[in-house]
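Reviewing the structure listed below.
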Amino acid sequence: MRRKVSAFLVLPLLILLVFTAVNTYAMTEVGTPRRETLIVETQTPTDVPGQFNSYMQGTQMGFGIHQLMSAMMWEMDTITGEQFGEVAAGAPESNEDFTEHIVRIREGIRWSDGEALNADDVVFTFNMIMSNPGIGPSAYYNAVFKSVEKVDDYTVLIKTVDSFPRLALRFGVTIWGNDLRIVPEHIYSQVADVTTFKDSDPVVAGPYIVKAFDSLGKWILYERREDWEYSTVGAVTGKMPQARYILVKYIGDDTTRQMAMVNNEVDILCEVTPEMVEVMTAMNPNIACWYKDFPYATSDDPCSKGISFQMAKEPYDNPDFRWGVTLAMNFDEISVNIFDGVGRASALPILTATAAMQELYYIPLLPWLEAFELDLGDGTTIQPFDTGYALRMAETLKAQGYDIPSDETALIDMFGIGCWKYAPDAAEKLFVKAGLEKRAEGWYFKDQPFTINMTYLADTEAQAGRGLIAAYDQLVKFGFNCNLASESSATWDSNAATGNYEIGGYWPTGGITRDLYAQISGWDANLIVPIGERGAGQGSRWNNAEATRIVQAMSVVSPDSDESYELGMEFMKVATADMPFLGFHSGVKFVPTNSTFWTNYPSAENPYNGPWWWWSCFKYITTEITAVD
Amino acid sequence: MTSFLKNANGRLKAGLVITLFFLFLGFVVYYIPHANPFSYNTYPRRLAPSFGHFFGTTSMGQDVFWLLIEAIHNSLVIGFIVALIGTVVGVFVGLLAGFSGGLLDRILMVITDTFVVIPSLPILILMTSLMRGSATVILMALVLAIFSWAWPSRQIRSLALSLKERDFVYTAWFSGEGTVQVIITEILPYALTWSLSNFMNATLSAIASESALAVLGLSPANLISLGNMIQWARERNAIFTNQWNWIGPPIVATIVLFVGLFLLITGYNDYLSMKRGR
Amino acid sequence: MLKVENLSTSYKTIDGDVHVLENLSFEIYENEIFGIAGESGCGKTTLLKTLYDIIDFPMQIDGGRVLLSGKKNGDLFSYESGRIRDAWWKNISYVPQAAQSVLNPISRLKSQFLDSIPEEDKRSETKEETLERVARYLEELSLSRDLLHAFPFQLSGGMRQRVIIALATFMSPNVVLADEPTTALDVVVQRGILAMLMRLQKELQNTMVVVSHDMGVHYQVTKRMGIMYSGSFAELGGTDDIFDDPIHPYTKMLIGALPRVGDTSQKVGIPGRPPALTDPPPGCRFAPRCPHSNERCRQEVPEFREVRPGRFVACHFAEKVKIDDRKAAGS
Amino acid sequence: MKFAKYVGLRILTWALTIWIGVTFIFFVPRMFPSDPVENMIGRIQSRSGQMDPLEMESLRKSLRIQFGLEGSLLEQYVSFLKKGLLQFDFGPSLMSFPTPVGDIIKTYLPYTLGLMLMTTIFSWLIGNFIGLQAGFRKKQLSSKFLEGVAICIYPVPYFIVALVLQIVFAFLLGWFPLQSTIITMGGFVIFIKSLLRASILPGVSLLLVGTGWWIISMKSLSGTVAEEDFVLYARYRGLSEGRIGWSYVLRNSIITQVTALAMSLGGVFSGSIMTEIIFGYPGVGTLIQKAILQSDYNMILGCITISIVAIATATLIVDLIYPLIDPRIRYS
């Protein structure tokens, strides 16, 4: 990927860097010393600048607010997938049938105005949500919780209506963040209506406070608390966040973002395309991603991208058809077309092959996968799993001059345990088995010319969009007549819920904790509503009795138990045989950092955390990122 | 023809040559058999320009030359459809308003004025972003056409108003011809000369609008148009990876096509006014 | 005084040069109204433009010159073709044809008057004083001073023509050229305008050149006149003399075609059309339409010569046909 | 009295124009399947993985009620006309619920207006000045050159001009910020400085394209006017070229250009949307794009209504001052 980026661009830039580095970079545009300011990108600007109350709708939490200021009950180690207490002192202690839970509160956390954070704040927060219908999840909280009471200053008793084994998983952070954020009782109890309280000068438990913000909503400047040792991060780790200031800023479109990064005007970008990484790393040696060299990206984002079928429609409701589509596609080509071959194959439906999930589920399932057979309908069978993908991709990329490790474990970590075979003949048989007919003019279904409508989400997630376009390309080459459409999220969200699509490039997938309940609970067949109506989950409308039984069995099992794990394994086998979602790669994220001013970002060499700047775990990364010098 | 060549000004000639060249690319070269240019991995990726691939290949292994030809074809088709609808509707509404007068004229003109005043881009963004799911070349053109008729109809109306005063129309009127007949036999020839220049103008602005939407990522995903080609190359970072052979041709083609059409329009108008002056 | 010497002009066209004026020589004296008559397309306007020194592409002077000379405020001046522009409005001014559209439609008349006054005049007085001068001048011409505040479109055609004449004469130029001053106006208004021109000339004692296709106009106002045919003069002399005793057959036909009081006979126009300047006939250009023409006329160009003092005619038979025709006219 | 009728008629047209435009805008987004509630749920879901089915159901219900999407279309329309058009109250923004749309637009409107007004006026002035030179002094080499430049720049698609400017002046030369950052805190001087820095590139790109058009149209207009009788006659009257250019050619052709200015405002607004998006300039354009992508009906309505009202009003004002510059209308 290190193609020559011509002198035309590089030379003037280097000259520019030499001449202007000293002056330009002494201060940031908001008037803080550049060397004390960590500049982080936010993906969307806010239209409500100065609004920091997470319980007022419209607050842009990803603007550093939940990364640096919010107090979560339980936080997450994104590398191991294990939760730990933040405001809570540890995991909840539940009774036998999971209806009463004791939560101990961590001592030593203080709000930024000096008040101690204790059980009063936690109880107040729960009750505030439950008694304010204007807060989005209010109804849900009322359905789940019977009561939340204070036992003593640092102990809370939570009673749930039904058995609720996953309190921490549901109300603590797993992916990105969580809607439950503890608010200071002494402030919020004074407010008449918490749903319209902007909280422009927030009192927080996190390590940073707001120093200034842009009234146009493009940046927020945070300053480290003087008493950071009493912040959540201070209380949990005892370490000081290194940057005195953090400027969270909206950078703009891709062109602008890479130019800003190359010019050292920003230290961390959220997510870019591999083409941008190629350019940025070539133009500025200080820019790197999770891996210093190929494949650059981390493959541990817990949302695998692939194609989703609308299974309430014919012939998409037929597993033979779905398997036909699977085998009709050359995954090697798709992979190259998405991100030049970067990414870990995530062949299991629904479950993403993050490093942790690969260890927990994929590798143990490998013997079963290799033995798995499909009946092609004409008496023949095929074993569709292809373990050769990692080696093949390594060869292909080596031939292009990339430095690829030859160690098998490393290769499997890089490219996954395997993918589905490219077997057009078998695919054809499966389509015939599913009732399609191949005529001279093309494929027919029920005597009608057959066309596949494919949709992808245009405004976001290049990986998913490119994946679907690559799939379109494959199906067209296979001989299908396909339409390709991109939809804005506004349109897609409605179409996905009402089932108004046939094949979509979407990611109803996940996998971060050992317990899979959160990932699979939405696939309960009881949630299916007719096409045109909006249900609660199950946009894909996968009607599988066995899977539903497993989901329901799991709901009452402790997430830490072996039983939950076994049920998860079983679910995967059922799903594989039925193929409700065809996964391509795990979430591949190119998250570049610039070590001109700051260094020791989490990386493959030093994976103390995932590179998820936009998740609430960012506050634990701030203690590790250190200034250059 | 010879007298045309003699009288045509340099602009008209240059514009005509450029436009004909693009028509040739879009409607003659286009029909030379070639692989579906959209299809990925047809060729090795990122080839430099060569005799086999005049502009090399893209990061997805598509031939840039054939993409460009197809893009020119589609962009021109969109432009022509929009221009056709806009001109026909515009001329019709304009003539109707201009000749009927009275209340109908008032109503038609208020509606026309509305469409002149409404900022078109936000509504195009709105409509395309909502209907992208089903957008095709034709649909795209129809949406763009919503805003293409208002301006011509205003102009045609004032043309009609001034023509109405001229003698030959009165004569026709008095000799018992009906309004429609007068319009067809006496007015339309005038309007048509004007329409030709408007047609080119509308083509130009339709292609521009489509490109703008494409650059915002709102053009149909598998529609190969000049705007989309630029957008795809931008998405794959062709500017910074120096794949000028990829992003360059659609940009240059757009500019040249636009300048060509523009020269054609202004040259044609000059030519007309010169002819009238004689 | 305007003196034209061997003047030839032509228009450049794609199909070659079109020679409009061929070797003209004549003089216009001080303190007279000189008329130029002729059918449309005979070169009247071209001559006038050349006199006024409006030489724009595609027109050009092939030979000869126009000399403008005289005396103003005690100073002698003399300009020839190419320099006459410098004398515009001070020594020579111009009342154009199509007077309806020659005023700036969106500015008031006062500013258009002010525009025409040279800077050096304006410097010596205030704007109000200048305007007062203009207003008084208008009143002298029996025009309302309120006109100064009007826009051109608010005036009738005749009024506009009067204003333009006022504009052209305000600076008391030595020569005023008027191109079809009465065309497109109704008879009553025409008479008013002509009276105004005559009165002005009498007061200013200057030279006035009136171009008109209307022989009646010439009869009324001019002292001397020339009759043009196809780019050169057919006849030139005192107006009364010409009307009393036309010599050139063309002149005769023009005058014969005029209506007279008490005459009820049907007037016939001159048969045929003037020749195309792109392809003029050899010899006398009037020959194809002339009832008296013979072989000589068709081959030899007649000389424009003084047949008696102050009377010039371009006809081979200037001396001969005179008597026959007078008889014919009398019958 | 005739003038009063002219004014009255214009105002009536103005009101009708706005009403038709706004009605169009109201119904278009509602004819499509997109739904702000689904969109919001989708957003929550896509950032934090799967959502609990129970939670999704309850969230959907509460959002529907809060967003006021329960009433019939007609009821919504009537209440919109009442509140939106008469009081400029478009209700809460759905993407930033419950902040009122008006509050958000108020923050951004001045920037868009400022950019648009400045560039429109400057490009109009500069373009007409150059166009006049080119049309009035056709034969001069410099006018031909300027016209040639205009012909080459004007048809270039807007975003290409913007992109080139951004790469050259912001990235390679570093003279201007890559994205428009306006510092709203820290005093007036800092604000103005940052505003200028942020506006120059977007402004210049709008200027380039806009000016091109004015040059071209003014050139052809003044070229025609320069051949009219009254200009020729002015020359025969011995007027200086400067005087003729200014008082005869310019004044007569500018009348048409003033009308064209009003008519072009809609296009200018579209151009400014592209600028704002490419340069990240804070303004109504970016707001509209975001609102559309997140199907924030109220915001879309608010932004487009305001722009329609603004453009229609600008046209009205131009039409009303038109008689001042064209006496023919004033006195007839």
Side-chain angles (χ1 to χ4, degrees), chain A residues 1 3-10 253-255 258-259 262 272-280 282-283 330 332-334 336-338 340 400 453-456 458-460 462 465-466 468-474 476-477 482-492 494-495 500-501 505, chain B residues 35-48 56-62 124-140 213-224 228 230-248:
Chain A
M1 210 179 282
R3 230 159 291 272
K4 47 188 184 308
V5 173
S6 80
F8 168 71
L9 286 175
V10 177
D253 68 357
D254 281 352
T255 315
Q258 56 187 326
M259 292 191 281
V262 169
V272 298
T273 60
E275 293 82 11
M276 286 166 71
V277 172
E278 174 192 340
V279 169
M280 292 191 295
M283 293 175 83
N330 183 339
D332 294 30
E333 279 192 11
I334 290 180
V336 167
N337 284 336
I338 299 176
D340 294 320
Q400 291 176 26
N453 291 308
M454 305 179 77
T455 315
Y456 70 95
D459 319 307
T460 169
R466 291 183 183 188
L468 190 98
I469 298 172
Y472 164 85
D473 179 52
Q474 291 290 325
V476 169
K477 281 180 187 161
C482 300
N483 290 327
L484 179 65
S486 66
E487 292 184 351
S488 67
S489 58
T491 318
W492 169 256
S494 293
N495 284 341
N500 183 22
Y501 68 97
Chain B
N36 174 7
F38 187 80
S39 184
Y40 286 7
N41 303 321
T42 315
Y43 308 101
R45 305 183 310 139
R46 295 185 175 193
L47 287 181
T57 59
T58 71
S59 293
M60 286 91 87
Q62 304 154 305
L124 291 178
I125 294 177
L126 178 66
M127 300 192 73
T128 46
S129 79
L130 290 175
M131 47 166 266
R132 253 193 319 206
S134 49
T136 57
V137 177
I138 305 288
L139 210 57
M140 192 75 195
L213 289 171
V215 167
L216 294 179
L218 292 168
S219 202
N222 56 349
L223 168 66
I224 305 173
N228 256 344
I230 297 171
Q231 175 59 7
W232 291 331
R234 245 161 58 93
E235 249 169 27
R236 298 273 174 160
N237 219 15
I239 296 176
F240 290 94
T241 49
N242 286 306
Q243 289 169 283
W244 300 109
N245 61 309
W246 181 8
I247 193 158

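Chain A is the first sequence line, chain B the second, and so forth, proteins listed ahead of strands; every chain is numbered from 1. Since the model is a prediction, treat every value here as computed from it, not as a measurement. The figures that follow rest on heavy atoms only: side chains count, while hydrogens, waters and symmetry mates do not.
- The part of A/I338 that comes within reach of chain B is its backbone (N, CA, C, O), which places non-hydrogen atoms under 4.5 angstrom from that chain.
- Residues B/F38 and A/D473 are not in side-chain contact: their nearest non-hydrogen atoms beyond the backbone lie 4.5 Å or more apart.
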Going through the distances and angles, do A/T255 and B/R234 end up as a side chain to side chain contact (heavy atoms under 4.5 Å, CB included)?
-> CA-CA 8 Å; A/T255 315; B/R234 245 161 58 93; 3.6 Å; yes

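- Of all heavy-atom pairs spanning B/N237 and A/E275, the tightest one is ND2-O, 3.1 Å.
- The contact between A/M259 and chain B is made entirely by side chain atoms (from C-beta outward), counting heavy-atom distances below 4.5 Å.
- To the nearest 0.5 Å, the span separating OG on B/S59 from CG on A/D340 amounts to 7.0 Å.
- When side chains are defined from C-beta on, B/F240 does not count as touching A/M276, because their heavy atoms never get closer than 4.5 Å.
- A/R466 has its side chain within reach of B/R236: a pair of non-hydrogen atoms, C-beta onward, lies under 4.5 Å apart.
- Interface summary for chain B: among A/T273, A/I469, A/V476, A/N483, the most heavy-atom pairs under 4.5 angstrom belong to A/I469.
- A salt bridge links B/R46 with A/E278: at least one charged nitrogen is closer than 4.0 Å to a carboxylate oxygen.
- In this structure, chain B has no heavy atom under 4.5 Å from any part of A/D254.
- Heavy atoms closer than 4.5 Å to chain B are found in the side chain of A/Y456, but not in its backbone.
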